[in-house]
Amino acid sequence: MITKGKITDQILRLYSGGSPNDEKEISRDDINLLVSQVINRLLKTEHMAVNMQSGDMFPPHTMVTTYVVNLISNTTSNPYVHAVLPVFPISLPRNMGVWSVTGTNIDSNATAKDSTEYIPLQTGQHTLIDRQSSLKYLETQVGYWAEGNVINFLTDITEGPYNANKVKIKLLVVDPSILGEYDYLQIPVEMEEMVVKEVLTLIGALPKVVDKASDSNSQI
């Protein structure tokens, strides 16, 4: 495994011709951002092309990042109790980028009491449930759906019997903002070289691979 700092140093050394202190126009922050973008793209490609194609819908643990987010009461602009996503997850079918949402109640002693996971709804599906009184409360279960960067809850989970004051949201994303220089990147070992090469290509240190077959008709 490799840390965020080590992979950044490696890329900077290769980019600057061996000296990590050689002053170039690209910064460590730029490299860190590119590393996270490349990792998210590679993980998405691997999950969709390999895992999902073989029937495995569960993502690898390396894709899951957990956040604890405050709940916001219903307002004039949003009639539902909701929470704001701290980052956008990887885009996957059926909003699977928002992997799970669980209510939690954190008391004055910072002790968290989690409830059961809530039930994801497709965007627009909540209006059908609202119109059917027999299904409105999903048999005491809580439904939620994502709209942009907001998670809306069909039931007011801040009241009894739920009494949640925060939600624990698991997103499929690698978030560089929560990783320090000495934190390990949650990627398979065999993906490390791919990340380095992809970033070097993006910053122009390596030539892009050209599809010769598709370029065979270009004029000389």
Interatomic distance, [X] atom [atom1] to [Y] atom [atom2] [nearest 0.5 angstrom]:
X: Asp9; Y: Leu12; atom1: CG; atom2: CG; answer: 6.5 Å
X: Ile187; Y: Leu43; atom1: CD1; atom2: CG; answer: 7.5 Å
X: Asn32; Y: Ile7; atom1: CG; atom2: CD1; answer: 10.0 Å
X: Ile90; Y: Leu172; atom1: CD1; atom2: CG; answer: 6.5 Å
X: Glu192; Y: Lys6; atom1: CD; atom2: NZ; answer: 10.0 Å
X: Leu185; Y: Ile39; atom1: CG; atom2: CD1; answer: 4.5 Å

I'd like to check [X] versus [Y] (side-chain heavy atoms, cut-off strictly below 4.5 Å). Are they in contact?
X: Leu200; Y: Ile11; result: yes
X: Gln10; Y: Arg13; result: yes
X: Ile203; Y: Ile31; result: yes
X: Glu181; Y: Arg28; result: yes
X: Leu154; Y: Trp145; result: yes
X: Val199; Y: Tyr15; result: no
X: Lys4; Y: Val35; result: no
X: Ile151; Y: Val98; result: yes

Could you check whether any side-chain N or O of Asn40 sits under 3.5 Å from a backbone N or O of Val173, counting only pairs where one atom can act as donor and the other as acceptor?
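A pair under 3.5 Å: no.
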Val101 and Ile72: same hydrophobic cluster, using ILVMFWY side-chain contacts below 4.5 Å?
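The answer is no; the residues belong to distinct hydrophobic clusters.
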Answer with yes or no whether the hydrophobic clustering places Ile169 together with Val87; edges join I, L, V, M, F, W, Y residues whose side-chain heavy atoms lie under 4.5 Å apart.
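Same hydrophobic cluster.
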Residue pair [X] / [Y]: nearest heavy atoms and the distance that separates them:
X: Pro89; Y: Gly97; result: CB-O, 3.3 Å
X: Asn74; Y: Pro79; result: CB-O, 3.1 Å
X: Thr155; Y: Gln141; result: OG1-O, 4.5 Å
X: Gly103; Y: Val167; result: CA-CG1, 4.2 Å

Let me see the working for Thr3 and Tyr184 under side-chain contact (heavy atoms from CB on, under 4.5 Å), right down to the final yes or no.
CA-CA 4 Å; Thr3 64; Tyr184 286 105; 3.9 Å; yes
When you check the side-chain N and O atoms of Thr75 and Asn78, is any donor under 3.5 Å from an acceptor?
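Checked: Thr75/Asn78 side chains show no N/O donor-acceptor pair below 3.5 Å.
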CD/Glu193: more than 12 non-hydrogen atoms of other groups inside 6.0 Å:
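Counting neighbours around CD of Glu193, 12 or fewer heavy atoms of other residues, nucleotides or ligands fall under 6.0 Å, so no.
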Before giving the answer on side-chain contact (heavy atoms from CB on, under 4.5 Å), spell out for Gln37 and Leu202 the whole-Å C-alpha distance, their side-chain angles and the decisive distance to 0.1 Å.
CA-CA 11 Å; Gln37 291 172 342; Leu202 288 172; 5.7 Å; no
Would Lys168 and Ser100 count as a side-chain contact (heavy atoms from CB on, under 4.5 Å) here? Give the steps.
CA-CA 8 Å; Lys168 186 178 293 183; Ser100 71; over 6 Å; no
Name the orientation class of the two ring planes belonging to Tyr144 and Phe153 (parallel below 30°, tilted from 30 to 60°, perpendicular beyond 60°).
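If you compare the ring of Tyr144 with that of Phe153, the planes turn out tilted.
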